**Q** 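For reference, the structure I am asking about is given below.
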Protein chains: 2
Amino acid sequence: MSALDTALHGLRALIADGALRPGDRLPSEGELCERLGVSRGSLREGIRMLAALGVLETRHGSGSYVSELRAADLIGSLSLTVGLLPMEGVLELTELRRILEPHAAALAAARIDVDTVERLSSLLDEIEASDDFEEHSRLDHAFHMTISEVAGNDALTSLINVLRSRSRAYRIPNAGDAAQLKSHSDEGHRAILRGLAEADPVAASAAASAHVAYTEYWVRRYSGDYVGVEPT
Amino acid sequence: MSALDTALHGLRALIADGALRPGDRLPSEGELCERLGVSRGSLREGIRMLAALGVLETRHGSGSYVSELRAADLIGSLSLTVGLLPMEGVLELTELRRILEPHAAALAAARIDVDTVERLSSLLDEIEASDDFEEHSRLDHAFHMTISEVAGNDALTSLINVLRSRSRAYRIPNAGDAAQLKSHSDEGHRAILRGLAEADPVAASAAASAHVAYTEYWVRRYSGDYVGVEPT
DNA sequence: GAAACACAGTTGTCATACGAATTTGTGGCG
DNA sequence: CGCCACAAATTCGTATGACAACTGTGTTTC
């Protein structure tokens, strides 16, 4: 077993066994080196790996701490890497969105309150008025994230966030296509909001499903492997 | 910007910009240190972080390589950490399973062939005959993974695998409860398989949904926050 | 009481050295 | 020529020492 494995599994075991709980501070690097029998370099590599996965957080001059170990945070650690996926991988993720986003919309429809509906509505006003790509992307993201937050499952929200972060990065080069996409997207948003406002999970879910499917259509179209007819 | 950030973002940029593609070997650590202007220690910490996230793979004496960057692999990197989640987090994940597994079952029902149905059936024979916890757990896992593989989306399979790996770890201490769980679980498996064999997505999905819900019932029951009546 | 300071403890970074594994080059042999 | 054995070079793995940067705390000073 390599020194790195020793450090990694040693640290993980400290948490798994309950010796270290969320929020706790780890012993200093020097002490951990002695206890685990590895050099400081190997130990630090192990700490970094767990930090990359969202399990540990290190503060310069203070120490390393066990994170709160929320499912949403661990899932969120993927956001650093999904941006590296090639196009084929993005389609797999879009399929996951097609499952999760309608579900989130249905849950949200059952739980949403009037104030949130109002906030989403004014968000759509802004979106429709915006013609700057960056701003539009930001507002669009806020709209969808608000919905999944209302759904009430943080892990679900985080997962949707990770999945969306990838498709969101694309900018449609053709101006005509971009305008068509925006127009259709605006309609889709209104349809989702109608479902939410009427507390109709089926309608909200169906609208969200159509919305993701439309996104997927454009991803396929620009990734070159599109086969079929244009969506209506 | 810290040296570690420099190394991490430098490496990530090499991949994001296309200078390094899946399968490529990275320049040696010495050369990367010069190019990025950081020490070998800091560089290695960056490499380890990307390795933990499934983006890089290092082979002793040979070099570091860009992974295939499959969505399934990146998602699979979570399996090291989900085992550390406290019980509340597990319930969030079970809710995700309640969304994903029925969907996978529905997809599988539309795509499954006779041979696979036969294989699943004999797998269930083994499961029902088994009374060893470890073996039962392994076979149960094989049954569910086969279904999600048939569904045809590797990212979905990997995600379900990660989510299941957590709930699977629990052993029901009470012998009577364990027997009841197994009996009910066996029935659920047969119901799912019937849906698959009849190529009935709705039936398969409903059976999978009930199966996950039953698991969730036991998780809640043993985590102490169960409120409600027993499932039928 | 509040601000400024000094100090100990901790992580961040670098440089160097050597061990361990792989890859490559080389020479000899059939 | 093809193949094998062996040595050399390359590369990652690990350890050590040193110092900078930062944090938290207690103390001094006004």
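Residue numbering restarts at 1 for every chain, and letters A, B, ... go by the order of the sequence lines. Side chains included, hydrogens not; waters and symmetry mates left out as well; all remaining heavy atoms used. Just so it is clear, the model here is predicted, and its values are computed rather than measured.
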**Q** Which whole-number value in Å describes the distance from B/E29 CD to D/dT11 P?
**A**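 So the two atoms are 10 Å apart, to the nearest Å.
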**Q** Do NZ/NE/NH1/NH2 and the carboxylate oxygens of A/E134 and A/R138 come within less than 4.0 Å?
**A**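 Between A/R138 and A/E134 there is no salt bridge, as every charged N stays at least 4.0 Å from the carboxylate O atoms.
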**Q** Mind calculating the distance between CD (B/E45) and P (D/dT14) to the nearest angstrom?
**A**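 Distance, rounded to whole Å: 14 Å.
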**Q** Do A/R70 and A/D73 meet the salt-bridge criterion of a basic N to acidic O distance under 4.0 Å?
**A**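 Answer for the salt bridge query: yes.
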**Q** Looking at C/dT13, does its base get a donor-acceptor pair with the side chain of B/R40 below 3.5 Å?
**A**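 Check fails, no donor-acceptor contact within cut-off.
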**Q** Rounded to the nearest angstrom, tell me the gap between atom NE2 in B/H60 and atom P in C/dA21.
**A**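 In whole Å, C/dA21 P and B/H60 NE2 are 6 Å from each other.
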**Q** Less than 4.0 angstrom between a side-chain N/O of B/T58 and OP1 or OP2 of D/dC12, yes or no?
**A**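 Answer is no, no contact under 4.0 Å.
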**Q** So, OP1 or OP2 of C/dT10: does either fall under 4.0 Å of a side-chain N or O from A/S64?
**A**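 Checking C/dT10 against A/S64, no side-chain N or O comes under 4.0 Å of OP1 or OP2.
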**Q** Find the distance A/E31:CD to C/dT11:C1' and express it as a whole number of Å.
**A**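 Whole-Å distance recorded here is 15 Å.
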**Q** Rounded to whole Å, please give me the gap between CD in B/E34 and P in C/dC14.
**A**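 These atoms are roughly 14 Å apart.
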**Q** Any side-chain N or O of A/S42 below 4.0 angstrom from OP1/OP2 of D/dA15?
**A**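 A/S42 to D/dA15 OP1/OP2: side-chain N or O found under 4.0 Å.
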**Q** Could you check how far CD of B/E57 sits from C1' of D/dT11, rounded to whole Å?
**A**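 It works out to 17 Å between those atoms.
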**Q** Do any N or O atoms from the side chain of A/S165 and from the backbone of A/V162 form a donor-acceptor pair under 3.5 angstrom?
**A**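 Looks like yes, one N/O pair under 3.5 Å.
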**Q** Does OP1 or OP2 of D/dG13 have a side-chain N or O of B/R44 closer than 4.0 Å?
**A**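 Affirmative; the distance criterion is met.
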**Q** For B/G41, which contact category applies under a 4.0 Å heavy-atom criterion: base, sugar-phosphate, or nothing?
**A**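 Nothing: the residue B/G41, judged by heavy atoms under 4.0 Å, touches no strand.
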**Q** Between C/dT11 atom C1' and A/L32 atom CG, what is the distance in whole Å?
**A**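 Taking CG of A/L32 and C1' of C/dT11, I get 12 Å after rounding.
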**Q** Would you say D/dA15 has OP1 or OP2 under 4.0 Å from some side-chain N or O of A/S39?
**A**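 The answer is yes; a side-chain N or O of A/S39 sits under 4.0 Å from OP1 or OP2.
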**Q** Please figure out whether B/L26 or A/G61 has its closest DNA chain D nucleotide nearer the 5' end.
**A**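 Mapping each residue to its closest nucleotide by heavy atoms, the 5'-most match is B/L26.
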**Q** Check this for me: does any side-chain nitrogen of one of A/R164 and A/E101 sit under 4.0 Å from a carboxylate oxygen of the other?
**A**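 Judged by the 4.0 Å cut-off on N to carboxylate O distance, A/R164 and A/E101 do form a salt bridge.
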**Q** Where does the angle between the aromatic ring planes of B/H211 and B/H144 fall among parallel (under 30°), tilted (30 to 60°) and perpendicular (over 60°)?
**A**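 Plane angle under 30°, so parallel.
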**Q** Taking 4.0 Å as the cut-off, does a side-chain nitrogen or oxygen of A/R25 come that near to OP1 or OP2 on D/dG24?
**A**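 No.
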